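Inspection log for the structure reproduced underneath, given as structure tokens.
Ligands are counted one by one from 1 in listed order, and the atoms in each one are counted from 1 as well. Keep in mind that this is a model prediction, so the values were computed, not measured.
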Amino acid sequence: MKFGHFDDEAREYVITTPCTPYPWINYLGTEDFFSLISHTGGGYCFYRDARFRRLLRYRYNNSPADVGGRALYIRDGDDVWTPAWMPMKSTLERYECRHGLGTTKIQGSRNGVTAEMFYLVPLGETAEVCRLTLTNESSVVKTLKVFSFVEFCLWNAWDDQTNFQRNFSTGEVEIDGSAIYHVTEYRERRNHYAVFGVNAPIAGFDTDRETFLGLYNGLHEPEVVLEGAPRNSLASGWAPIGSHCLEVSLAPGESRDFVFVLGYVENPADDKWEQPGVVNKQPARALMARFSETAQVEATVAELRDHWASLLEISTVESPDERLNRMVNTWNPYQCMVTFNMSRSASYFESGIGRGMGFRDSNQDLLGFVHLVPERARQRIIDIASTQFADGSAYHQYQPLTKRGNNDIGSGFNDDPLWLIIGVVAYIKETGDFDILSEEVPFDNDEANTATLFEHLRRSFHFTLENLGPHGLPLIGRADWNDCLNLNCFSETPDEPYQTTANREGRTAESVFIAGQFVYTAPDYADLAEYMGFAEEAGAARKHAARMEGAISEHGWDGDWFLRAYDFFGQKVGSRECEEGQIFIEPQGFCVMAGVGVDDGRALRALDSVAERLATPYGIVLNQPAYSRYHVELGEISSYPPGYKENAGIFCHNNPWVMIAETRVGRGDRAFDYYKRIAPAYLQEISEIHRTEPYVYSQMVAGRDAVREGEAKNSWLTGTAAWNYVAIAHHILGIRPEFDGLRVSPCIGAEIPNFTVTRRCRGALYRIRVTNSLKHGEPLLKVNGEAAKGTLVPYAPAGETVDIDCET
Ligand code: GLC
Ligand code: GLC
């Protein structure tokens with residue numbers, strides 16, 4: 001609680017000191033325009049693609065952390081300060097930041113003046129709006145000068161950070177009243193520009209960074225602000241910025257609002273110019289007119305609140321544990337929506353340059369948001385499937401702007417195809433929209449080569465079968481879910497990426513993880529095949545699954561746990577026979593989720609081995625013992641120092657597989673225990689150790705072999721969000737959509753004696769009261785007062801409300 005607390009009513013996290021252990025950020029925007037904003041106002045924004053359409057420049061890995069992008073300065077007499085604390089690190093009498101759902105409010109006070117900056121990206125707009133409220137709490141008249149500041153990125157963020165011989169000469173701006181236009185490259189091939197305006201007359205402006213700051217000054221000592229006079233500089237090349245100077249006089253007790261709009265505007269290609277050489281500003285003027293008054297901002301804030309309220313009411317829980325409630329009701333689904341929007345592109349750990357939408361990542365992310373935005377999930381599925389190759393394999397990534405496969409990253413990750421089935425199955429179970437299976441979808445975005453979505457799934461399924469190794473287990477290819485298990489790579493050259501470098505040709509390295517994933521996927525795939533009228537295919541799929549299960553039993557079981565893989569030479573990976581890396585988490589989770597070994601005690605043994613060897617107070621580490629040296633035959637996994645990332649770090653993404661597996665064998669107490677070890681709301685008290693935001697999951701927490709055990713990294717954009725949501729909502733609380741009905745099957749252990757879930761699904765509303773008495777092997781249900789058979793509640797017609805009593 002040292003750094004802040006939850007405000008559950010407002011659905012906000014309240015940060016009470018700027019000195020958090022790491023910048024704690026939020027995302028604004030739900031459609032096309034997004035902003036990253038930290039608790040001190042740092043960050044940047046972009047239109048659709050953080051690489052190609054970035055508006056603000058941000059310096060990653062900088063010292064001090066979290067500068068660049070935007071800032072706001074106040075000059076009160078001779079006193080200059082920054083109400084968001086950074087960049088001047090001003091001493092503030094009061095500071096508070098509230099990160100809410102798509103909104104961030106930062107407030108700072110000094111010498112009787114309070115400045116509150118309220119940021120949002122309104123629905124339907126391609127702009128970041130900031131309402132600034134200045135209040136004079138002193139007993140004297142305050143005459144203030146306010147300097148806004150944004151630093152423009154020259155659009156392509158990669159080029160912006162590398163191509164200085166060109167970029168130092170291309171920057172251009174226009175000024176029009178209180179609006180600053182960033183028009184770099186508009187003269188040639190771009191038909192978009194950025195505008196930064198304020199709804200008040202200005203006393204001056206600056207657009208040239210060097211003039212504003214001084215060449216040898218940092219953002220904490222801008223010359224113009226320190227001198228108190230804007231210079232009306234016009235950027236010509238170098239680094240264009242936008243800074244307004246406002247003069248404000250406030251009587252004691254008086255408050256005034258200003259509205260800043262930072263927008264992205266596109267003109268039709270044939271309507272780019274107002275006059276020769278003068279940018280067409282019509283759409284920008286219209287945009288600013290929509291925010292010329294505070295009341296207009298208030299209206300969009302209310303709209304945004306309603307938007308989130310209606311999304312989040314789709315699935316809620318009330319339990320005696322407030323931390324559980326706030327994770328399930330607010331923060332976990334919120335993070336799922338952010339990963340839906342961002343995939344792995346832009347966070348404080350992802351530069352927004354390198355990674356587009358991952359094939360496997362996006363399919364898994366879908367599991368966490370499909371119930372919130374099913375129509376958009378549908379579109380996402382079509383987009384992903386359109387990047388699949390005709391042989392069933394897939395580009396590992398695609399670019400969000402073009403929706404085309406990214407050649408630079410290539411393909412060959414042999415788990416990829418199966419995730420498409422898992423994603424589509426989740427979508428259909430949620431929505432009942434079997435029609436999607438008949439959609440015509442291209443391969444490799446080639447409209448001349450299309451097939452139904454079901455055919456895409458068929459090719460996914462058979463891709464695995466056509467690529468089996470000597471033990472009848474799936475070939476791993478470049479890697480499977482674990483990007484760093486590179487069994488065919490043999491990289492000895494530091495400058496080549498593990499992910500893309502040429503692999504050895506070989507058909508030996510096999511993955512027990514993919515085998516488990518296959519067995520997990522097969523029954524649902526078979527059901528879909530049957531639904532489509534392909535009874536033979538369905539039967540064959542079930543046989544293939546049984547055969548694969550046999551292969552796992554024969555060649556994938558190590559005595560007390562599931563083996564991880566066979567390497568290029570046919571040697572075991574993740575076996576007691578290995579010197580290091582004897583046990584891995586992934587196959588224990590996925591094989592048990594698939595039901596392998598559930599009937600004969602091996603599942604329990606595997607999970608007990610996880611508890612003995614991999615579980616730590618901060619979560620379950622990926623493997624043990626950690627690799628202490630580089631193993632060229634294993635690849636990147638052994639490149640990380642022990643305890644970090646895939647080398648025995650706590651990869652929070654796969655912890656929920658073990659949680660789900662524990663529910664599969666009926667051990668709800670263990671499942672919930674594992675849940676609490678990594679759920680951020682439970683980690684608030686150890687924020688100094690954990691360091692990242694206590695309201696969202698991070699990809700990785702350093703494991704017990706690491707020097708910095710318990711320290712998290714890569715917050716926000718991780719499949720952790722979706723899988724933990726699935727683990728808690730579907731398996732531990734136990735309410736999940738299936739093809740024919742809603743499964744009600746809680747498995748949470750003794751700690752939560754009762755809870756209520758409200759779940760909307762396919763238009764009906766289910767109110768589920770659970771008495772968790774732990775008396776019955778299978779929960780007893782009453783549906784609308786009538787005792788029911790089993791735990792599957794048939795779907796009710798849209799519009800109906802179903803009351804369910806469940807006793808465990
Ligand atoms: C990263 C990747 C994901 C991969 C995981 C394990 O989170 O985004 O695709 O499965 O690492 O390597
Ligand atoms: C590295 C990381 C892994 C991530 C991959 C993405 O291998 O260790 O977590 O998935 O990069 O390219």
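Qualifying ring-ring contact (aromatic ring centres under 6.0 Å, His included) partners for Y427, counting only residues two or more places apart in sequence or in other chains: none. With sequence neighbours left out, the side-chain contact (heavy atoms from CB on, under 4.5 Å) criterion links D383 to Q379, Y398, K403.
Taking a cutoff of 4.0 Å between a charged side-chain nitrogen and a carboxylate oxygen, R691 and E711 qualify as a salt bridge. Using a cutoff of 4.0 Å between basic side-chain nitrogens and carboxylate oxygens, D480 and R564 are scored as salt-bridged. Between D524 and K429 there is a salt bridge, with a side-chain nitrogen of the basic residue lying less than 4.0 Å from a carboxylate oxygen of the acidic one.
For the pair R54 and W158, the cation-pi test (distance below 6.0 Å, angle within 45°) is failed.
For ligand 2, the atoms sitting less than 4.0 Å from at least one non-hydrogen atom of Y640 are 1 (C), 2 (C), 8 (O), numbered in the order shown with element in parentheses.
Heavy-atom separations between Y498 and ligand 2 are all 4.0 Å or longer.
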Distances for all N or O pairs of ligand 1 and the protein under 3.5 Å?
from, atom 1, to, atom 2, distance (Å)
ligand 1, 7 (O), Q699, NE2, 3.0
ligand 1, 8 (O), R355, NH2, 2.8
ligand 1, 8 (O), D361, OD1, 3.4
ligand 1, 8 (O), D361, OD2, 2.9
ligand 1, 9 (O), R360, NH1, 2.8
ligand 1, 9 (O), D361, OD1, 2.6
ligand 1, 9 (O), D361, OD2, 3.4
ligand 1, 10 (O), R360, NH1, 3.3
ligand 1, 10 (O), W481, O, 2.5
ligand 1, 10 (O), W481, NE1, 3.0
ligand 1, 12 (O), W481, O, 3.4
ligand 1, 12 (O), D483, N, 3.0
ligand 1, 12 (O), E646, OE2, 2.5

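Within the structure, every pair that satisfies the salt bridge (Lys or Arg N to Asp or Glu O under 4.0 Å) test and touches residues 482-511, not counting sequence neighbours, is listed here: R360-D483.
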